[in-house]
Amino acid sequence: MGTLTIKGWDEHPGDWDDADSHANAELSKRLRSGFAGSPAARKQLERDIRARKTMVITTIRPEHLESVRQVLETMGADVVLSFSDEGFDD
């Protein structure tokens, strides 16, 4: 199981003009494919991210964690990706 922790936000993310619009579109796309929950919960998560809240996200499928982390960092998030052994058999 993996966790994305958004610890804070940079005031000036990205080095190009359309980074914000591209990252927002990518966020929606990546959450649609990687979110493990209801559509309503996914939309609420998107609203919270766009409001630049600090949070712990545990509802992303493991195979999509890196992809979502990348887009969050593009948007200016200070993100920590961590994994636990819970739920895995040896």
Open item on the list: Can you give me the closest heavy-atom contact between Arg61 and Ala36, atom names plus distance?
Closed with: CG-CB, 4.0 Å
- [ ] Answer whether the closest heavy-atom distance between the side chains of Ile60 and Leu31 falls below 4.5 Å.
- [x] yes
Open item on the list: Contact between Ile49 and Met75 at the side-chain level, heavy atoms closer than 4.5 Å - yes or no?
Closed with: yes
Open item on the list: Looking at every heavy atom in both Gly2 and Leu65, which two are closest together, and how far apart are they?
Closed with: CA-CD1, 3.5 Å
TODO: Could you tell me whether the side chain of Trp9 and the main chain of Arg52 form a donor-acceptor pair under 3.5 Å?
DONE: yes
Task: Glu46 versus Ser28, side-chain donor and acceptor atoms under 3.5 Å - done: yes
- [ ] Might you point out which heavy atoms bring Ser33 and His64 nearest each other, and give the distance in Å?
- [x] O-NE2, 3.4 Å
Task: Side chain proximity check, Leu45 to Ile57, heavy atoms < 4.5 angstrom - done: yes
TODO: Please examine the side chains of Ile6 and Leu4, heavy atoms only from C-beta on, and report whether any two atoms are closer than 4.5 Å.
DONE: no
Task: Polar side-chain atom of Arg30 near backbone of Val68 as donor-acceptor pair, under 3.5 Å - done: no
Task: Heavy-atom side-chain contact between Thr74 and Glu26 under 4.5 Å - done: no
Task: Arg50 side chain to Asn24 backbone, donor-acceptor under 3.5 Å - done: yes
Task: Any Asp48 side-chain heavy atom under 4.5 Å of Met55 side chain - done: yes
